[in-house]
Engineer: 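Let me begin by handing over the structure; questions about it come next.
Indexing begins at 1, ligand by ligand and atom by atom, following the structure's order.
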Amino acid sequence: MLIQPIDYFLLVWFILAAASTLYVGIDQYRNNPEPVVMKWGFILVTLYMGPLGLLLYILADKEPRPGEHEDFTRPLWKQGVGSTIHCVAGDATGIILAAVVTATLGLPMWIDLIVEYLAGFAFGLFIFQSLFMKSMMGGTYWENVRKSFLPEFISMNFMMAGMAPVMSFLMMGRDMRAMEPTELLFWGVMSIGVIAGFTLAYPANVWLVARKLKHGLMTQRPQSEAAGGSKHSAKEEHAHMHHQEPDKADGDRGHGKDVHSGHGGHQMKTDATTTQVAALGAVSLLALAIGMIAPANWLNMTLSARDVGGAIMPPGMIMDRDTPADAMRDMAAADPRLVTASYDLATRGDQELPFKMENGVKVFELKASVIRWTILPGVTVDAYAYNGQIPGPRIHIRQGDRIRVNVTNGLPEETTVHWHGLILPNQMDGPAEITQKPIEPGETYSYEFTATQHGTYFYHPHAKPDREQALGLYGALIIDPANPADEVPADHNYVIQLQEWLKREGLTFPSMPMEGGQPNYFTINGKAYPSTDTIHMKVGETLKVRFIGTNNSFIHPMHIHGGPFEVVARDGETIPASARFLADTINVGPGQRYDVIWTARKPGKWLIHCHIPHHTTNNNVEEKGGGGLMVVIDVT
Ligand SMILES: [Cu+2]
C-alpha cells in the first residue's frame with residue numbers, strides 16, 4: 001500500500017527503470033555489437049539507475065548507426081563509463097543481494113555495511129571481472145583474479161564510499177521503511193546509492209582505463225560481418241573482438257583481431273607507476289573508511305531492520321547515535337496499513353457498553369485495534385481504539401457490581417488495561433510486567449473485580465501508555481452509587497474526555513512531551529471544535545460536567561463561561577457539602593477527574609474550553625471562533 005508521496009514517486013521511477021532496462025536489453029541484443037558481459041553490465045546498471053542508466057547507454061555505448069560502435073566508443077570519457085558500468089554492475093549486484101540478506105537476518109547496520117562491502121567486492125572480482133571476462137581476456141581464471149584485483153579494489157572502494165553513507169543516512173532517516181526489502185523505499189535507497197557509488201567511482205575508472213589498468217568499452221562483431229558472408233556467428237569459437245584502447249592510434253578499426261577463448265588472449269600493458277597506483281589505492285581506502293564510519297557520528301549504527309524497520313518517525317524527533325530502537329518504536333507513527341476500519345465524523349465514541357449477565361457477573365467485551373477516526377471534517381487520525389470508538393465505550397455500572405471485562409488485543413503490540421482509581425485485587429490492576437504479563441497481540445485477558453466505590457473513573461492501557469493512550473486508548477468508567485442519595489443531582493450530565501493528537505504528513509504520531517511529539521490537534525470526546533457536541537439547556541437548569549484527564553501530556557485549565565461552577569467531586573470522591581467550592585477554571589491534569597455543577601443563569605451560547613489558547617486551535621488554525629478543546633452550551 002502506498003502511504004506517502006515518495007511511494008508514488010518511486011512507483012513512477014521504477015516503471016521508468018523497467019522500461020529503460022527493457023529498451024537497453026532489446027537494443028543490446030538486437031543492435032549493439034559488444035561482448036555479453038558489457039551487454040549485461042548496461043542492463044543491470046540501467047535496472048539500478050533507471051533513466052540515468054539509459055542516458056549513459058545512449059550517450060556512451062549505443063551504436064548510433066551500423067558500423068560506428070568502434071569509433072563512437074573511442075573517447076576516454078566513454079571508455080571510463082564502460083569501465084565504471086562494468087564495476088558497478090558486479091559490485092552493486094553483490095551489495096544489493098547482501099543488503100537484502102542482512103536486512104532479512106536482522107543484522108545491525110554496521111555489520112550490514114561490512115557484509116555488503118565484502119559481497120560487492122567478491123561478486124565484482126570473482127564473477128563479473130574474472131569469470132565473465134575470462135573468455136575475452138584469455139588466461140586462467142586465477143590469473144584474471146590476480147590481474148583484476150587491484151583495479152577492482154580501487155573501484156569498489158570508491159563505489160562503496162558513495163553507497164555506504166547514502167544507505168546509512170536514508171535507511172535510518174525518518175522513514176525507516178527504507179530498511180525493509182519489501183518496501184519500494186528500500187529499492188529507492190539502493191538506486192540512489194548506486195548512482196552515488198557510480199559518480200564516485202567514475203573518475204578513478206577513467207584514470208584506470210587511460211593507464212590500461214582496466215578495460216573500457218569493446219566492440220565484438222560476429223565474424224560473418226567482419227569477414228563478409230561467412231555464416232559463423234558470435235557464439236561460435238571464432239568470436240571476433242575488437243578492444244578499444246583510447247590512446248592508441250590504430251589503423252585496424254572495423255576489423256579488429258581474433259581472440260580465441262581460453263588460450264593466448266589479450267594483454268594490456270600499463271604505463272602507471274607503482275607510486276601512482278599506491279596513491280590512488282590509498283585515497284580510495286580513505287574514502288571508503290569515511291563513507292563507512294562517518295555516519296556513525298550521527299546515526300545509531302547498532303540498529304537493525306528488525307529493530308526499527310518500517311517505523312516512520314515524527315518530524316523534529318531527536319534521533320542521534322544514542323537513540324535506542326525502543327525510543328524510536330515508541331514515537332513511530334501508527335501504521336496506516338494496519339487500519340482495520342474507518343469511521344466518519346458522525347460516529348461518536350463513549351457509547352455505553354452493553355454487557356451479558358453470567359452467574360451474577362456483568363461481562364463486558366473490549367477489543368483494541370487500529371482504526372481511522374474522523375476528528376474534524378476532512379481530518380482523520382490513525383488511532384488505537386477500544387471497540388472502534390474514541391473515546392472507548394463507556395462502562396457504566398453500579399456500586400457493588402461484580403464485573404468481568406474480556407480484553408482482546410488486536411494491536412500490533414502488547415497491551416494491558418488499568419482501572420484508574422479503583423480498589424481491586426492486585427492482579428487485576430493492569431501494570432504490564434508488574435502485576436501481569438502483557439497481553440500479546442491476538443491474546444485475550446479477563447479482568448474481574450467488584451466495584452466498591454462510586455464516581456467518575458476511567459480505564460486506559462498500562463503497557464506503553466505514552467504510546468497507546470496517546471493514540472486513543474481510554475474510556476470512561478462511571479459508577480453510580482448504591483444509594484441514590486449519594487449522587488450529587490443535576491438536570492443534565494456531560495462527560496468530557498480530553499486528548500492531544502499529533503498529525504503530520506498524513507500520519508498520526510503519539511503525542512508526548514518529547515522533541516517532535518508536540519500535539520497539533522486536541523479533542524473532547526474524540527472530536528475537535530467545531531465538531532464537538534453542543535449541550536442544550538434551559539435557564540435555571542443544572543449541568544454536571546465530569547472532566548476526565550484521559551490525555552497524556554498537559555494540565556488543561558478547563559474553564560466555563562457564564563459564571564462559576566461548584567466543584568462537587570474530585571478523582572471519583574464526592575466532596576462533603578461543607579468543603580465544596582466555587583470556581584470558574586479547574587486544572588485537569590492527566591489522570592485527574594473533577595465533577596462540577598454549573599447552573600445556566602442566562603440564555604445564550606456559553607463555552608466550556610481549555611484556557612491554553614493553543615489548545616483551542618486546530619493545527620494552529622481557528623475555525624468558527626476556535627477549535628480543539630471547546631464545547632458550546634446553548635441555553636434557551
Ligand atoms: Cu489545554
Engineer: Got a salt bridge between Asp326 and Arg329, using NZ or NE/NH1/NH2 to carboxylate O under 4.0 Å?
Structural biologist: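 Yes, charged N to carboxylate O under 4.0 Å.
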Engineer: Can you name the N, O or S atom of His615 that is closest to the Cu ion (ligand 1)?
Structural biologist: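 Looking only at N, O and S atoms of His615, the one nearest the Cu ion (ligand 1) is named ND1.
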Engineer: For the Cu ion (ligand 1), decide whether His614 has an N, O or S atom at a distance under 2.8 Å.
Structural biologist: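 False for His614.
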Engineer: Tell me whether the centres of the aromatic rings in Phe355 and Phe364 are closer together than 6.0 Å.
Structural biologist: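 Here the rings of Phe364 and Phe355 have centres that are less than 6.0 Å from each other.
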Engineer: Looking at His556, pick out the N, O or S atom nearest to the Cu ion (ligand 1) and give its name.
Structural biologist: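 It is ND1 of His556.
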Engineer: Could you tell me whether Asp330 and Arg467 have a side-chain N and a carboxylate O separated by less than 4.0 Å?
Structural biologist: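 No, Asp330 and Arg467 are not salt-bridged.
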Engineer: Any donor-acceptor pair under 3.5 Å linking the side-chain atoms of Tyr494 with those of Asn525?
Structural biologist: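 Yes, side-chain donor-acceptor contact under 3.5 Å.
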